[in-house]
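Note on naming: letters A, B, ... go to the chains in the order of the sequence lines (proteins, then strands), and numbering restarts at 1 for each one. All values reported here derive from a predicted model rather than from experimental measurement.
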Amino acid sequence: MKLKYIPVFAEDADAQISFYTQKLGFNPISNMFFAEGEEYTVLKADNLDVALVVGGNAFKSCIILNTDDCLKDYHLYKTAGVFFSTVPRYLPTGLAAEFLDPSGNRFILLEERNYTEI
Amino acid sequence: MDYSKTLRNNNKIYSRSSSQKQNQQYSSDFSLRFVFAGNERYDIGKRHLSIYPDSFLILNRGTQYSTDTDSDIPVQSFSISFDQQFLKDFKDCWTTADSRLVGRGGYKVKQLQEFDETIYPFTGDIRHNVYHLKHYLDNGMHDELLINEYLHHCLINYFSIYNEEIFKKAEKLHFLNPSTKIEILRRLNLAKEYLYSNYNQNISLEDLAEHSCLSVNHLLRTFKQAFNLTPHQFLIQLRLKRAQLLLKSTAYPINEVVNLIGFECPSSFIRLFKTHYKITPLKYRQTA
């Protein structure tokens, strides 16, 4: 078994899909039915194993994107026009910055850091 | 990799892979000095400070120094120097944004014109950020906005280290007058940097006390108050930590490592290492 699809809430599916493709670097792969009468668009990014699916009756979600270098990706997304609700902040887990997509799904860009090594 | 970069706002970054002797020079701006491999010696006046990959040094604007190296391992040095205006803007926005750095004795970093020029531990967030920055530059990328973002975060990290290492430690000293606390801590840092730089020598308490301008009794009592360790315990911990580094990054046999870190007897080293890290040095090397 594996975790493959994450449904995200969309007020306006088209706006949502263009946000994911233009700003976050996802590509639409196909349209699929996950429940009767509910069609979703599947979006994948090259370096991710799970896909986001937009459409149907999904609830608002919180998605944690793991990165090797939070500052770099924060900067990359910011230049692409993503509006961050927090600047990168230090947590006991590492460094994290947050943004919302157009429908209000919460994204956390997280760099986990190992503080125990020397 | 060797390069030097000067950003448009006059922040500078230098990376050198082999350290050559440099004669007396002034550091024109506030700078942070790191080594990623080997060690580098800084002579500032009468003080001889060695930095290793687990520690870094700060130099204030205008400090006169010269550098040299005495290690067999090729030295990888990296330094960042901050433009005065950049530093000032950072201080302004940092100290007014919230009261993160307002110590409980009424000291504020804002009031500081100069930082305590000593060796600080190179761990935690600053380590991650500097490694990322170096990795980014090593790959030949050059986006100034991002580089400045990294530098901004290095300052955030440095300020929180400063808070941790100076203000919080000074708080722990049992003196009434805040300026006495800061002065004693400054002297204790002289002792600490002496240990950092001469960890592989035989250090007597008298040497240490002389170097820090404190009497032996005073040194012992206040060192323990500030760092929760006696100088001897601190030295042992430092040696063990550097032994870990050597075990991980070099192929020196254990006996050689024991010599390099200043222990005389391999069996006592192995025993200490085992009680400290719950693993023998050899097994540690195999798992690292």
Practice task
Search all heavy atoms of B:Glu149 against all heavy atoms of A:Leu71 and return the closest pair with its distance.
Solution key: CG-CD2, 4.0 Å

Handout entry: Aromatic centroids of B:His153 and A:Tyr90 separated by under 6.0 Å
Key = yes

Exercise for the section: Drop me the distance from A:His75's NE2 to B:Tyr136's OH, to the nearest 0.5 angstrom. Expected result: 6.5 Å

Fill in the blank from the handout: Rounded to the nearest 0.5 angstrom, the CG-NZ distance for B:Leu133 and A:Lys72 is 11.5 Å

Handout entry: A:Lys44 NZ: over 12 foreign heavy atoms closer than 6.0 Å
Key = yes

Problem - Residues, nucleotides or ligands: over 12 heavy atoms within 6.0 Å of A:Asn114 CG - result: yes

Handout entry: Test log, rule side-chain contact (heavy atoms from CB on, under 4.5 Å), inputs A:Asp69 and B:Tyr150
Key = CA-CA 11 Å; A:Asp69 185 344; B:Tyr150 282 121; 2.5 Å; yes

Handout entry: Which of B:Asp125, B:Asp143, B:Asn157 touches chain A most, by non-hydrogen pairs under 4.5 Å
Key = B:Asp125

Exercise for the section: Measure from the side-chain N and O atoms of B:His128 to the backbone N and O of A:Glu111, and report whether any donor-acceptor pair falls under 3.5 Å. Expected result: no

Problem - Straight-line distance of B:Leu145 CG to A:Thr79 OG1, nearest 0.5 Å - result: 7.5 Å

Exercise for the section: Verify the neighbour count for atom NE2 of B:His135: are there more than 12 heavy atoms of other residues, nucleotides or ligands below 6.0 Å? Expected result: no

Problem - Beyond-backbone contact of B:Asn129 with A:Arg113, side-chain heavy atoms, under 4.5 angstrom - result: yes

